[in-house]
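Have a look at the structure below before the remarks.
Sequence positions, counted from 1, serve as the residue numbers for this chain. Every value quoted in this text rests on a predicted model; they were computed, and no experiment measured them. The analysis underlying the following values was restricted to heavy atoms, covering all of them including side chains, and did not include hydrogens, waters or symmetry mates.
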Amino acid sequence: MSTESLSEMDLLVQVKTRGARPFSQQVVRSPWQSVVDVPTLNKGVKERIREVIGHSNTDNPHCLTIIAPPGYGKTHLLAHTRAALEKENSTLFVYVPPYTPDNDSFGNHLVRATLDSLRRRSLRQAALFQQMVRSFLVEVYDQMINDNQNLRELRAGGFWTRLFQKRRLKLSGRSSGLQEEALPRAFHARVLLQQAFNTLREKHAQTCDELNVEWDAFVAICLLACGNTQQRWHAENWLHNQFMPLEVLESYHIESSCSGETKPLNVLYTIHKVMNRGLCFAFDQMEDTFSLLLKSEKAKTELMERYAGALRNLSHSQGFTLLFLVQRSIWSALQNDLPKMLRDRMLEGGSVPRLESLRYDTARDLICARMQSFVWSKLSTPPPDDNLCWPFSESSIEEMRLQANSEIRSFLHLAQLQYEELLQSELGIDTSPPIEITQITPSIVVSHEPTPILIRANNLPSDVEVHFGETMAAPESIACRTEDGEIDVTTPTGLKGEIKVLVLSADNPQNQSSATLSFSERQIPKPYAKHVDRSLLRQRRNELDLSQKDVGEMLGLPQTTVSAIERGKRHPEDEVFVKMAEIYKKPLSDFIPKRGK
């Protein structure tokens, strides 16, 4: 056997030992997933999307409909678009799932999707949302200090400080922790919110959009971004159009509910103006929305007209981009059922682009990119002759592409099968050894509290399911690190006693392993701030080699606030301690001193 063949054999052994499955995740289930993308994949459609988003602040059309068969990568395209927009930081990405016309209006559905995208799904957008609202309010607050306006109502300092040391009252340049304390105090009176609202209205007085910056929407956004626990809770419930008595709303300076056809759209417009960023709405699975809207004659007339009217208001206001993704098989028939107003909106961007079938150069780029990401970047040894596609040949890539009918999902599935066959035929061993759980940490969790646990196992595939007894863990709560042999997952609540934890391969359910986890019924007294041992928090942070700044970034808090929490000088709401326990990968009860200690 030659030296070159020996080298390749050794390399195959290394690749096999890593257990990587670079093509196993053929389906991108969410636009919030990280994806391995290549520039040649749907290059023309990506350019059209960039062009339409670039027109959002002009009078040019800023709507685009994209059609494709299943498996051609629509969600992959959205994930790429989201990542690109987050990097550019000029437009916010909002994923809009199919609309079900049960109780809320379509406008309320859009508000809910926007809050989910800005505050929960994307850490970068969540931090930006809080930062932009806070910086605007701080600027107005300091101007009021300069002008000596309503200092008492702002609850800014004591009498002598307001009289002789006004400069000390300014918030700009101060720590974010001090700003977070001062703004909720000022919200108790109306003056800061009123002055900030007037400033925002004056700034955008010359716009000719059909939507408006509205008082109730502005107040709710400010309370949600910078308020205390109570203020945020009421603001979020208002934005979700939850019923609250008028006297409760008035105590938070809100004058009416977030209902009707126009008010929710004004919420979106106000977010756009406060953050000074465009909003890109990605309407996925439009065929599902239309099938629900077209169930009855009433839906065809009333609901469709309202749906179209809401989209028209958004498309005629600068700063909004509307992307519609529809399956190609129903697009032609669907156009006949749509009201003219809605059809005009969806065709406003001109020709309807189609996701491209897989070309050879793109197929090769995908193989190279996935092998680089999942295999070569993990090994110290480069591929033979720097061929990132190794062990695939050009002819095998083309054969797989043709066999998959140029469909991306099927191509990746075939690539994984051939990848395993290549390793097995060369090494003469099974490439899919059984999963073997070696440890679950911690071994005891509390029944009433979702707890992050770490499962260590050998021979993990990249796509797994985790079951706690009869309860399956939500896919989004599972993080599987194949190369490290570790799974991060959060336990469900309500289980008691010894529970079987089952880990199985999503591609091959027969490949599975189980272990036992104990669920205890120990309760944690509230508020958590009175019972959590802060020294245990600090000790655990040091064990994980995390800095206070690292923890603060994950919590969306400044380093000074994390320091104050650890020293017992700050007493945040319960949810902060729950998030810290998740970061530290321990149940919150582990940070509560045992009785007698």
Side-chain angles (χ1 to χ4, degrees), residues 23 25-53 61-85 93-99 113 280-294 311 321-338 342-343 345-367 369-370 400-415:
F23 311 100
Q25 294 181 341
Q26 300 98 29
V27 181
V28 180
R29 294 183 174 89
S30 163
W32 307 107
Q33 275 182 247
S34 297
V35 293
V36 178
D37 191 64
V38 294
T40 52
L41 180 61
N42 292 309
K43 181 180 178 181
V45 179
K46 291 173 184 174
E47 290 175 351
R48 284 288 303 276
I49 291 174
R50 282 196 295 270
E51 179 185 347
V52 170
I53 292 174
H62 35 102
C63 298
L64 183 65
T65 297
I66 301 165
I67 60 175
Y72 269 52
K74 294 194 298 295
T75 310
H76 181 113
L77 177 68
L78 290 183
H80 165 80
T81 302
R82 185 265 311 159
L85 292 179
F93 178 86
V94 177
Y95 175 73
V96 185
Y99 169 53
C280 175
F281 292 96
F283 297 88
D284 197 10
Q285 300 172 349
M286 289 293 288
E287 60 278 359
D288 293 343
T289 294
F290 292 145
S291 66
L292 290 168
L293 291 176
L294 294 170
L311 294 179
T321 303
L322 309 181
L323 304 179
F324 305 100
L325 284 91
V326 188
Q327 282 194 20
R328 187 177 70 185
S329 59
I330 69 164
W331 172 240
S332 298
L334 189 63
Q335 292 182 74
N336 299 324
D337 290 324
L338 296 179
L342 181 54
R343 186 167 59 251
R345 296 287 74 72
M346 297 186 70
L347 297 175
E348 190 177 42
S351 61
V352 176
R354 304 184 177 199
L355 295 192
E356 305 160 356
S357 58
L358 194 63
R359 302 193 309 269
Y360 170 75
D361 58 336
T362 304
R364 186 181 186 284
D365 289 347
L366 279 172
I367 295 286
R370 285 185 172 242
M400 288 187 296
R401 185 185 73 86
L402 295 174
Q403 189 177 346
N405 293 321
S406 299
E407 181 189 299
I408 296 171
R409 186 189 303 172
S410 299
F411 172 77
L412 293 176
H413 176 69
L414 291 172

Exercise for review: Applying side-chain contact (heavy atoms from CB on, under 4.5 Å), run through Ser406 and Arg401 and close with a yes or a no.
Suggested key: CA-CA 5 Å; Ser406 299; Arg401 185 185 73 86; 3.2 Å; yes

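- One distance of note links CG of Leu412 with CD of Glu407; it measures 10.0 Å at 0.5 Å rounding.
- Residues satisfying the side-chain contact (heavy atoms from CB on, under 4.5 Å) criterion with Glu47, sequence neighbours excluded, are Lys43, Arg50.
- Not counting sequence neighbours, the partners of Phe283 by the ring pair (Phe, Tyr, Trp, His ring centres under 6.0 Å) test are Phe324.
- In terms of modelled atom types and a separation under 3.5 Å, the side chain of Thr362 and the main chain of Leu358 share no donor-acceptor contact.
- The minimum heavy-atom distance between Ile53 and Thr321, with the atom names listed, is CA-OG1, 3.6 Å.
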Point to revise | Verdict with supporting geometry, Leu323 and Ile49, side-chain contact (heavy atoms from CB on, under 4.5 Å) | key: CA-CA 8 Å; Leu323 304 179; Ile49 291 174; 4.1 Å; yes

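- The distance from the NZ atom of Lys74 to the CD1 atom of Ile408 is 10.5 Å, given to the nearest 0.5 Å.
- The two residues Cys280 and Leu85 have their closest heavy-atom pair at CB-CD1, 4.0 Å.
- In this structure, the separation between CG on Leu322 and CG on Leu64 is 10.0 Å, given to the nearest 0.5 Å.
- For the pair Pro31 and Thr75, the tightest heavy-atom approach, listed with the atom from each and the gap, is N-CG2, 3.8 Å.
- Applying the side-chain contact (heavy atoms from CB on, under 4.5 Å) criterion to Asn405, with sequence neighbours excluded, gives no partner residue.
- We find that Arg359 and Asp365 are not joined by a salt bridge, their nearest charged nitrogen and carboxylate oxygen being 4.0 Å or further apart.
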Exercise for review: With side-chain contact (heavy atoms from CB on, under 4.5 Å) as the test, would you mind laying out the steps for Arg82 and Tyr95 before giving the verdict?
Suggested key: CA-CA 9 Å; Arg82 185 265 311 159; Tyr95 175 73; over 6 Å; no

Practice item. Check the pair Asp284 / Val96 against side-chain contact (heavy atoms from CB on, under 4.5 Å), numbers first and verdict last. Key: CA-CA 6 Å; Asp284 197 10; Val96 185; over 6 Å; no

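- Judged by distance alone, with hydrogens and angles left aside, the side-chain atoms of Lys46 form a donor-acceptor pair with the main-chain N or O of Leu41 at under 3.5 Å.
- In this structure, the side chain of Asn42 does not engage the main chain of Leu355 through any donor-acceptor pair within 3.5 Å.
- In terms of heavy atoms, Val38 sits closest to Ala369 at CG1-CB, 3.6 Å.
- Distance check: Gln403 CD to Ser410 OG gives 9.5 Å after rounding to the nearest 0.5 Å.
- Rounded to the nearest 0.5 angstrom, Ile67 CD1 and Tyr72 OH are separated by 11.5 Å.
- Closest non-hydrogen pair, Gly44 versus Glu356, comes out as N-OE2, 3.6 Å.
- We find the OH-OG1 distance between Tyr360 and Thr40 to be 11.5 Å, quoted to the nearest 0.5 Å.
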